[in-house]
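Note that these values count all heavy atoms, side chains included, but never hydrogens, waters or copies made by symmetry.
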Number of protein chains: 2
Amino acid sequence: MILDSETKAVELPEDHGDELRLWLRLLTCTTLIEGEVRSRLRERFDVTLPRFDLMAQLDKVPDGMTLSDVSKRMMVSNGNVTGLVERLVESGHVDRRTSETDRRVQVIRLTKLGRAEFRRMAEEHETWIAEIFTDLTPKDVRELMRLLAKTKGSAQKAAQKSTGKAP
Amino acid sequence: MILDSETKAVELPEDHGDELRLWLRLLTCTTLIEGEVRSRLRERFDVTLPRFDLMAQLDKVPDGMTLSDVSKRMMVSNGNVTGLVERLVESGHVDRRTSETDRRVQVIRLTKLGRAEFRRMAEEHETWIAEIFTDLTPKDVRELMRLLAKTKGSAQKAAQKSTGKAP
DNA sequence: AAATAATTCTTTAAGCTTCAAGTAACTTGG
DNA sequence: CCAAGTTACTTGAAGCTTAAAGAATTATTT
């Protein structure tokens with residue numbers, strides 16, 4: 001703590017350059033990889049990344065999930081999911097029906113076509129990811145996982161603090 | 001290498017689950033932080049993240065830069081930058097003029113207003129980032145920087161390979 | 001039971017983003 | 001010089017994304 005001549009607390013600008021550089025590097029990595037995956041998905045399967053991501057969520061749950069669940073898991077807005085699902089239903093990849101127990105809720109699932117196409121894409125997608133991370137040793141991967149988990153926790157705490165929400 | 005009964009090379013599906021999980025975690029971290037920064041920029045300064053990012057690029061170069069430079073640095077498409085710049089010129093934050101030596105080139109710079117506003121925002125932005133990464137020790141930060149640098153290099157190699165471009 | 005609150009989802013407007021195609025200007029090889 | 005190729009940027013269409021407001025339904029409170 002630094003006190004000025006009138007004995008009042010004064011904030012000195014601290015240096016947070018390292019954190020800023022870390023954030024920019026994190027963002028660069030993600031943007032780079034995301035762009036690569038996006039362009040491969042487009043040229044190999046003529047599918048967009050958001051559509052692939054949504055189908056990936058649905059592939060994990062045979063009985064389907066609600067739009068809200070999708071929204072939370074994908075960390076995008078509700079309205080966004082509404083539009084995405086509409087296009088996936090239109091193209092026959094996703095099935096949507098109103099919940100029997102709660103008529104506000106829409107339950108969506110992959111159709112047979114949707115699941116088949118997703119599995120085909122996912123297989124290749126996984127090899128792309130492996131190729132992209134190919135320079136990392138297994139130890140690097142473990143260490144990155146650990147540090148990113150810590151980062152995620154830290155970021156979540158900060159986000160809670162700013163919105164005043166409970167965990 | 002695995003050979004089947006007719007002595008033909010066969011591809012067995014290798015396990016790349018670790019890399020896939022790493023990628024998803026990386027994406028989660030970035031999305032989380034990006035969302036937090038986006039919402040704070042909006043509520044504190046009523047500015048969008050892309051506008052802030054573009055201004056950040058321009059703040060680093062007093063003499064301005066071309067649209068192509070911005071496009072490469074931000075890793076977004078040319079058309080995207082055209083639109084962003086148009087709105088920033090409209091709002092008086094950015095100045096744009098045609099290069100004297102090459103009339104294809106547009107050089108853009110921050111206006112006085114743009115620079116003042118950006119500096120004001122950047123100062124606070126830096127503290128947000130520090131807060132978001134607050135749980136990481138200096139050693140964690142260094143280690144993450146190192147591993148992300150390695151990741152970036154690996155991803156760039158993979159991207160080159162797929163597009164057949166020179167570094 | 002009725003009013004109130006909370007939730008789930010949709011809609012709308014504005015802006016962001018990509019891709020592909022197009023225009024204008026510069027560069028290069030013949 | 002000039003034709004062909006390259007580069008820099010813009011345009012247009014489609015899709016993505018958010019924030020905010022609204023509609024419908026369910027849950028809670030009184």
Side-chain angles (χ1 to χ4, degrees), chain A residues 30-31 34-55 64-91 93-94 96-108 163 165-166, chain B residues 30-32 34-55 64-91 93 96-108 163 165-166:
Chain A
T30 299
T31 305
E34 206 171 52
E36 184 62 18
V37 171
R38 183 195 311 281
S39 97
R40 293 196 194 197
L41 280 176
R42 172 173 290 272
E43 70 182 42
R44 277 287 289 136
F45 302 113
D46 194 32
V47 73
T48 66
L49 185 51
R51 287 172 71 109
F52 178 83
D53 287 344
L54 178 35
M55 291 169 80
M65 55 201 303
T66 70
L67 293 204
S68 289
D69 288 340
V70 174
S71 169
K72 276 168 208 147
R73 283 178 175 274
M74 293 182 72
M75 295 192 284
V76 299
S77 66
N78 281 345
N80 190 350
V81 174
T82 295
L84 265 175
V85 167
E86 187 173 310
R87 287 183 288 275
L88 279 165
V89 168
E90 167 74 23
S91 63
H93 294 83
V94 164
R96 155 211 231 136
R97 58 194 169 75
T98 303
S99 162
E100 310 230 334
T101 61
D102 186 340
R103 279 179 308 183
R104 290 169 303 182
V105 175
Q106 300 288 312
V107 179
I108 57 175
T163 53
K165 277 184 187 169
Chain B
T30 300
T31 305
L32 189 59
E34 206 171 51
E36 185 61 20
V37 171
R38 183 196 311 280
S39 95
R40 293 196 194 196
L41 280 175
R42 171 173 290 271
E43 72 182 43
R44 277 288 289 137
F45 303 113
D46 195 32
V47 72
T48 65
L49 185 52
R51 286 172 73 111
F52 179 82
D53 287 344
L54 178 34
M55 290 169 81
M65 54 200 305
T66 70
L67 293 204
S68 290
D69 288 341
V70 174
S71 169
K72 276 169 208 144
R73 282 179 174 274
M74 292 182 71
M75 297 193 281
V76 299
S77 66
N78 281 344
N80 191 350
V81 174
T82 295
L84 265 176
V85 167
E86 186 172 312
R87 287 183 289 273
L88 279 165
V89 168
E90 166 73 22
S91 62
H93 295 84
R96 156 211 231 135
R97 57 195 169 74
T98 303
S99 162
E100 311 231 332
T101 61
D102 185 340
R103 279 178 307 181
R104 291 169 305 180
V105 174
Q106 301 288 313
V107 179
I108 57 176
T163 54
K165 277 183 186 169

_Matching residue for B/Val81 among B/Asp69, B/Val76, B/Thr66 - test: side chain to side chain contact (heavy atoms under 4.5 Å, CB included)_ = B/Val76
*Return the 5'-most residue of the pair B/Thr101, A/Lys72 with respect to DNA chain C, ranking by each residue's nearest nucleotide.*
A/Lys72
*Closest approach of B/Met74 and B/Pro50, non-hydrogen atoms and distance?*
CE-O, 3.9 Å
*Just to confirm, is there a sub-4.0 Å distance from OP1 or OP2 of D/dT18 to any side-chain nitrogen or oxygen of B/Thr48?*
no
*Length of the CG-P vector between B/Asn78 and C/dT17, whole Å*: 14 Å
*Would you give the length of the straight line joining atom CD of A/Glu90 to atom CG of A/Leu88, rounded to the nearest 0.5 angstrom?*
10.5 Å
_The test is side-chain contact (heavy atoms from CB on, under 4.5 Å); show your working for B/Ile108 and B/Leu67 and say whether it passes._
CA-CA 7 Å; B/Ile108 57 176; B/Leu67 293 204; 3.7 Å; yes
*Think A/Arg103 has a side-chain N or O under 4.0 angstrom from the OP1 or OP2 of D/dT26?*
yes
*asked:* Would you say A/Arg96 places a side-chain N or O within less than 4.0 Å of OP1 or OP2 belonging to C/dT10?
replied: yes
_So A/Gln106 and A/Thr98, do their side chains get closer than 4.5 Å, heavy atoms only?_
yes
*Quick one: A/Asp53 CG to D/dG15 P, roughly how many Å, whole number?*
17 Å
_Residue mapping more 5' on DNA chain D - nearest nucleotide basis, A/Gly83 or B/Val105_ = B/Val105
*From the list D/dA19, D/dT10, C/dC9, which nucleotide is the closest neighbour of the side chain of B/Arg42?*
D/dA19
*5' precedence on DNA chain C between A/Val81 and B/Val81 (nearest-nucleotide basis)*: A/Val81
*Choosing from C/dT17, D/dA8, D/dT18, which nucleotide comes nearest the side chain of B/Ser68?*
D/dA8
*Between atom CG in B/Leu49 and atom P in C/dG15, what is the gap in whole Å?*
16 Å
*Whole angstrom value for the distance that separates C1' of D/dA14 from CZ of A/Arg51*: 12 Å
*Mind calculating the distance between CZ (A/Phe52) and P (D/dG15) to the nearest angstrom?*
20 Å
*Compare side-chain N and O positions of A/Thr66 against OP1 and OP2 of C/dT8 and report whether any pair is under 4.0 Å apart.*
no
*asked:* In this structure, how many angstroms lie between the P atom of D/dA19 and the CG atom of B/Asp46, rounded?
replied: 12 Å
*May I ask you to verify whether the side chain of A/Arg104 and the base of C/dT8 hold a donor-acceptor pair under 3.5 Å?*
no
_Nearest-nucleotide pick for A/Asn80, side chain only, options being C/dG15, C/dT18, D/dT18_ = D/dT18
*Decide if atom CD of A/Glu43 counts as having more than 12 heavy atoms of other residues, nucleotides or ligands within a radius under 6.0 Å.*
yes
*CE-CZ distance between B/Met65 and B/Arg73, expressed to the nearest 0.5 angstrom*: 5.0 Å
*Of all the choices, D/dC9, D/dT26, C/dT18, which nucleotide is nearest to the side chain of B/Leu67 once you look at every atom?*
D/dC9
*What does the inter-axis angle of the helix from C/dA1-D/dT30 to C/dG30-D/dC1 come out as, five pairs per end, nearest 10 degrees?*
20°
*If you find the nucleotide of DNA chain D closest to A/Asp102 and the one closest to A/Ser77, which residue's nucleotide is nearer the 5' end?*
A/Ser77
*asked:* From CE of B/Met65 over to P of D/dC9, roughly how many Å is that when rounded to an integer?
replied: 11 Å
*Return the minimal non-hydrogen interatomic distance between A/Ser77 and A/Ser71, and the atom names on each side.*
C-OG, 3.8 Å
_I want to verify a distance call: between C/dC16, D/dT17, D/dT10, whose nearest atom is closest to the A/Leu84 side chain?_
D/dT17
*B/Met75 CE to C/dT18 P: how many Å, rounded?*
11 Å
*Looking at D/dT10, C/dC16, D/dC16, which one has an atom nearest to any side-chain atom of A/Pro50?*
D/dC16
